[in-house]
2 protein chains.
Amino acid sequence: MPGDPADRQDPIEHCRRVLRAAGVRVTHQRLEVFREVLHSRSHPDAESVFRGVRDRLPTVSLDTVYRTLWLLNDLGLITTLGFPHERHRFDGNTRPHHHFVCTRCGLTGDFYSEELDGLAVAEAVSEFGVADRTQVEVRGLCRSCLEGKDGARRKEGE
Amino acid sequence: MPGDPADRQDPIEHCRRVLRAAGVRVTHQRLEVFREVLHSRSHPDAESVFRGVRDRLPTVSLDTVYRTLWLLNDLGLITTLGFPHERHRFDGNTRPHHHFVCTRCGLTGDFYSEELDGLAVAEAVSEFGVADRTQVEVRGLCRSCLEGKDGARRKEGE
DNA sequence: CTACATGCAAAGGGTTTGCACGACA
DNA sequence: TGTCGTGCAAACCCTTTGCATGTAG
């Protein structure tokens, strides 16, 4: 899907191509939403993207921004922080641990690795601030999503 | 705060102690919410915690569960997946990268590390499924939160 | 006994959806 | 020109808040 040298240099063209390949239309709104997320360096929320896009497309609506963001996410053109469409979730595990997250169903499991606990990243993040806790998030597909092709959402089951 | 050998063996007792130390009351509801999150292996949302607690405290209400979860979070007894009170946020950076997250204001910045990109975690997560993408999340305090003591929320500012 | 926490219900805010108009292919 | 996408507004759902009652200390 990616790797096209021309697309690397022109992400907008890449976006056009992916949209076309997916059989959906290439609209100004979609390109502008993509451009906005691409150029934002702050991991914006929908409202923020909306404000940015509205400067160039004054008639754009917030719900179109939402629809477009999820479309771009589904097509792999952008990603989300955390898990899509997810509500707040809590973690009672106070041992140092890391997370495996299934990108299809949202299953999140803990795993342990002393090697990962001791990751040295202090320098890499020094431009932002001071590190307190380092956690590795591995995204992938869980076993049941690998087998069954059911796109079923995760059912909370303890 | 932690490290007490007795508390390691009895988290509930640890919870009691932290609540008292914080000058808030030790109620059945708080202990049961804590117990529920502690024993859940699925990173439950508030609704799920509510259902679990209700089995033992039939009169408990959902809003008490919410209030208690955030209290326990603020006291460091539990944590959240993702960033507390946060709405959906999007990421247009398709290069392999990692995140620095300020636990006070929510500022989230990208940083790069080829060493981290190549982390070998396949075995550790094999019990859950197949890894696709590995991302490191470093939590800490950003520069402005280190200096200014303002607990101000982040303003979306591109 | 007194202040704090709870339960209830209603409000709040972010996100999604139904429908008629408008624009891409 | 036909179909898909958009804008509008209302609905939806998760989460928070105000207030009277109950309860820990």
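Chain A is the first sequence line, chain B the second, and so forth, proteins listed ahead of strands; every chain is numbered from 1.
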(request) Report yes or no: do A:Asn93 and B:His43 form a side-chain donor-acceptor pair below 3.5 Å? (result) no

(request) Mind jotting down which residue pairs meet the salt bridge (charged side-chain N to carboxylate O under 4.0 Å, His left out) criterion with at least one end in residues 54-64 of chain A? Sequence neighbours excluded, please. (result) A:Glu32-A:Arg56, A:Glu36-A:Arg56, A:Asp63-A:Arg67

(request) To the nearest 0.5 angstrom, please state how far the CG atom of B:Leu57 sits from the CG atom of B:Leu31. (result) 9.5 Å

(request) Give me the ring orientation class for A:His99 and A:His97: parallel if the planes are under 30° apart, tilted from 30 to 60°, perpendicular past 60°. (result) perpendicular

(request) Return the value, rounded to whole Å, for the distance between atom NE2 of B:His88 and atom C1' of C:dG13. (result) 14 Å

(message) Going by side-chain contact (heavy atoms from CB on, under 4.5 Å), A:Val136 matches just one of B:Val125, B:Leu116, B:Leu119. Which one?
(response) B:Leu119

(request) Nearest 0.5 Å please: distance from the CG atom of A:Asp74 over to the CG atom of A:Leu69. (result) 11.0 Å

(message) Tell me which residues in residues 24-33 of chain B lie within less than 4.0 Å of DNA chain D, going by non-hydrogen atoms.
(response) B:Arg25, B:Val26

(request) Return the value, rounded to whole Å, for the distance between atom CD of A:Glu47 and atom P of C:dT16. (result) 14 Å

(message) For A:Phe111 and A:His98, take the angle between the two ring planes, folded into 0 to 90°, and tell me which bin it lands in: parallel under 30, tilted 30 to 60, perpendicular over 60.
(response) tilted

(request) To the nearest Å, give me how far apart NE2 (A:His85) and P (C:dT17) are. (result) 9 Å

(request) Take atom CG of A:Leu19 and atom P of D:dC4, then tell me their distance rounded to the nearest Å. (result) 16 Å

(request) Take atom CZ of B:Arg67 and atom P of C:dA9, then tell me their distance rounded to the nearest Å. (result) 14 Å

(request) To the nearest Å, give me how far apart CH2 (A:Trp70) and P (D:dG5) are. (result) 19 Å

(message) Could you measure the distance from the OG1 atom of B:Thr108 to the CZ atom of B:Phe83? Nearest 0.5 Å is fine.
(response) 7.5 Å

(request) Within residues 56-64 of chain B, find the residues that approach DNA chain C with a heavy atom at under 4.0 Å, and present them sorted by residue number. (result) B:Thr59, B:Val60, B:Ser61, B:Asp63, B:Thr64

(request) Starting from P on D:dG5, measure out to CG on A:Asp74 and report it in whole angstrom. (result) 13 Å

(request) Please state how far atom OH in B:Tyr66 lies from atom P in C:dG13, giving the value in whole angstrom units. (result) 16 Å

(request) Would you check if the side chain of A:Ser126 reaches a backbone N or O of A:Glu123 as a donor-acceptor pair within less than 3.5 Å? (result) yes

